[in-house]
K.L.:
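The structure is given below, and queries will be raised subsequently.
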Amino acid sequence: KKGFDYNHFGFDKIDADLSNLEVSGDTFQIDILGLACQEKYTRLPVRYLSTLFRLTPVSMEFRKLDFIVGKSHIRDSISFHFKDIDDMDLFEEKIKIRSRLTNTYLHTDDLSWFAPELKVYNDRWKISGNVTGKISQLEVKDFDVQFGKKNNTLKGNITLTGLPRFDETFINLSLNKSTFFSEDVNHYIKDSDVKNIVNAFKKTTCTGKFIGFPEDFVAHADFYTEIGFLRSDINVKLAYDSLKGSLVTKNFNIGKIVHS
């Protein structure tokens, strides 16, 4: 499977219900009451699209968006901003995105067309938040993400620099009071030793900051787990099984980790 090619894409099998076409100077606007089609190269199905579409020389806007594509369902609004429409040829570097997502569901199968590393996870995320920036420098504010089989909820702000190459992406993540369960989080962890530690935590509530790359980061955070309280100020290097820094514990049953 190849990734999505921003420079070569098209649609066929188009079935559309359109209304209220308006052309004013260099601005084009139309009400898409319902549209279904299929992307030619990926065969990704657009099952339903309803939106107020507006195109100007410097922007492409989808207002009142209701969009079902593949296994995902995107709601609210998204717009793309550029100096010239030809900037689309360098989408990741030149196109600025502004989006408000409400009760949106994104499946990792669909996201894997843009970030292939996500294909293995087979998970569906419920997301709300405000997205701004270019793909290569993306910021999500006031996000609320729910995932997994249990009631895992992550809340906060994040900036990602370096997408779509996730393994090389620099991440600045600030978590507000967030709750997750080991069996769902471990789905995303590669290192077996880290998995064993997380397994011992069971249900965890976390507040803090995580700064760095996916396998080399600094964690300043408080963890309230089922085996006690843990405060971290450490540098984690997963590739070298390395932890450097300080840990403060309270009523923490370290034996649960040693024997896990």
Side-chain angles (χ1 to χ4, degrees), residues 3 92-93 96-97 101 106 108 111-112 114-121 123 125 127 129-148 152-201 203-225 228-249 252 254 257 260:
E92 295 168 10
E93 293 82 18
K96 293 181 179 179
I97 302 169
L101 301 176
L106 298 178
T108 52
L111 292 173
S112 69
F114 309 94
E117 298 89 349
L118 297 175
K119 178 64 178 175
V120 298
Y121 296 120
D123 203 352
W125 308 334
I127 299 177
N130 299 301
V131 183
T132 57
K134 303 171 184 177
I135 293 291
S136 57
Q137 178 107 31
L138 206 60
E139 181 176 17
V140 187
K141 290 185 176 181
D142 301 320
F143 68 74
D144 185 314
V145 178
Q146 298 175 31
F147 66 96
N152 300 270
T153 303
L154 305 181
K155 298 180 180 182
N157 302 290
I158 187 171
T159 59
L160 304 107
T161 304
L163 289 174
R165 295 169 294 279
F166 183 72
D167 289 346
E168 302 172 19
T169 295
F170 185 83
I171 301 169
N172 189 332
L173 169 64
S174 178
L175 283 182
N176 300 329
K177 189 176 181 181
S178 300
T179 301
F180 50 87
F181 295 83
S182 58
E183 56 262 52
D184 288 322
V185 172
N186 271 344
H187 190 46
Y188 295 92
I189 298 174
K190 297 178 182 178
D191 187 272
S192 58
D193 291 333
V194 176
K195 281 188 176 185
N196 288 336
I197 293 172
V198 173
N199 269 337
F201 289 175
K203 178 182 177 181
T204 300
T205 300
C206 174
T207 301
K209 292 182 70 69
F210 301 82
I211 302 171
F213 298 92
E215 296 198 3
D216 183 357
F217 59 90
V218 174
H220 302 281
D222 290 347
F223 300 88
Y224 296 85
T225 81
F229 170 78
L230 180 68
R231 173 169 291 162
S232 71
D233 184 4
I234 58 173
N235 178 210
V236 181
K237 295 181 183 289
L238 296 179
Y240 300 98
D241 293 327
S242 170
L243 297 175
K244 291 184 179 180
S246 65
L247 292 173
V248 176
T249 64
F252 191 80
I254 196 168
I257 294 177
S260 64

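Because the structure is predicted, anything quoted here is derived from the model rather than measured.
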K.L.:
Any salt bridge (charged side-chain N to carboxylate O under 4.0 Å, His left out) pairs touching residues 175-188, not counting sequence neighbours?
P.N.:
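Salt bridge (charged side-chain N to carboxylate O under 4.0 Å, His left out) check on residues 175-188 returns Lys150-Glu183.
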K.L.:
Just to verify, what does Tyr121 make a side chain to side chain contact (heavy atoms under 4.5 Å, CB included) with, not counting sequence neighbours?
P.N.:
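If we apply the side chain to side chain contact (heavy atoms under 4.5 Å, CB included) test to Tyr121, skipping adjacent residues, the hits are Thr108, Leu118, His187, Tyr188.
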K.L.:
Are Phe181 and Asn186 packed together at the side-chain level, in the sense that at least one heavy-atom pair is separated by less than 4.5 angstrom?
P.N.:
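SC-SC contact between Phe181 and Asn186 ruled out.
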K.L.:
Quick one: side chain to side chain donor-acceptor pair (under 3.5 Å) pairs with a partner in residues 213-225, sequence neighbours left out?
P.N.:
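Every side chain to side chain donor-acceptor pair (under 3.5 Å) pair that includes a residue of residues 213-225, provided the two are not neighbours, is Asp216-Asn235, Asp216-Lys237, His220-Asp233, Asp222-Arg231.
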K.L.:
If every non-hydrogen atom of Ser178 is compared with every non-hydrogen atom of Leu175, which pair is closest and at what distance?
P.N.:
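Distance-wise, the nearest heavy atoms are OG-CD2, 3.8 Å.
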K.L.:
Between Glu93 and Lys134, which heavy-atom pair has the shortest distance, and what is it?
P.N.:
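For Glu93 and Lys134, the tightest heavy-atom pair comes out as O-CD, 2.9 Å.
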K.L.:
For Asn157, check side chain to side chain contact (heavy atoms under 4.5 Å, CB included) against everything at least two apart and list the hits.
P.N.:
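Asn157 satisfies side chain to side chain contact (heavy atoms under 4.5 Å, CB included) with Lys141, Asp142 only.
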K.L.:
Taking only residues two or more places apart in sequence or in another chain, which ones pass side chain to side chain contact (heavy atoms under 4.5 Å, CB included) with Gln146?
P.N.:
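Applying side chain to side chain contact (heavy atoms under 4.5 Å, CB included) to Gln146 gives Lys126, Asp144, Asn151, Thr153.
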K.L.:
According to side chain to side chain contact (heavy atoms under 4.5 Å, CB included), who are the partners of Leu247, at least two apart in sequence or on a separate chain?
P.N.:
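Scan of Leu247 (side chain to side chain contact (heavy atoms under 4.5 Å, CB included), adjacent residues dropped) gives Leu230, Ser232, Ile234.
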K.L.:
Can you tell me how far apart OG1 (Thr207) and CZ (Phe223) are? Round to the nearest 0.5 Å.
P.N.:
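Rounded to the nearest 0.5 Å, the OG1-CZ separation comes out at 9.5 Å.
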K.L.:
Run the side chain to side chain contact (heavy atoms under 4.5 Å, CB included) check on Val185 and Phe201 step by step: do they pass?
P.N.:
CA-CA 11 Å; Val185 172; Phe201 289 175; over 6 Å; no
K.L.:
Taking all atoms of both residues into account, what is the closest heavy-atom pair of Asn152 and Phe180, and its distance?
P.N.:
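Closest pair (atom of Asn152, atom of Phe180, distance): OD1-CA, 3.2 Å.
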K.L.:
Give the C-alpha distance, both sets of side-chain angles, the deciding distance and a yes or no for side chain to side chain contact (heavy atoms under 4.5 Å, CB included) between Val236 and Phe210.
P.N.:
CA-CA 10 Å; Val236 181; Phe210 301 82; over 6 Å; no
K.L.:
Tell me, yes or no, whether the heavy-atom count around Lys195 atom NZ, taken from other residues, nucleotides or ligands under 6.0 Å, exceeds 12.
P.N.:
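Result for NZ/Lys195: enclosed.
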K.L.:
OG of Ser112 to CD of Glu117: how many Å apart, nearest 0.5 Å?
P.N.:
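Interatomic distance, Ser112 OG to Glu117 CD, rounded to 0.5 Å: 9.5 Å.
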K.L.:
Please tabulate, for side-chain N and O atoms in residues 160-174, each donor-acceptor pair with protein atoms closer than 3.5 Å (sequence neighbours left out).
P.N.:
from: Thr161; atom 1: OG1; to: Gln137; atom 2: NE2; distance (Å): 3.3
from: Thr169; atom 1: OG1; to: Leu163; atom 2: N; distance (Å): 3.4
from: Thr169; atom 1: OG1; to: Arg165; atom 2: O; distance (Å): 2.9

K.L.:
How far does CD1 of Ile197 sit from CD1 of Ile189, to the nearest 0.5 angstrom?
P.N.:
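Rounded to the nearest 0.5 Å, the CD1-CD1 separation comes out at 9.5 Å.
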K.L.:
Supply the atom-to-atom distance Leu106 CG to Ile127 CD1, rounded to the nearest 0.5 angstrom.
P.N.:
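These two atoms lie 4.0 Å from each other.
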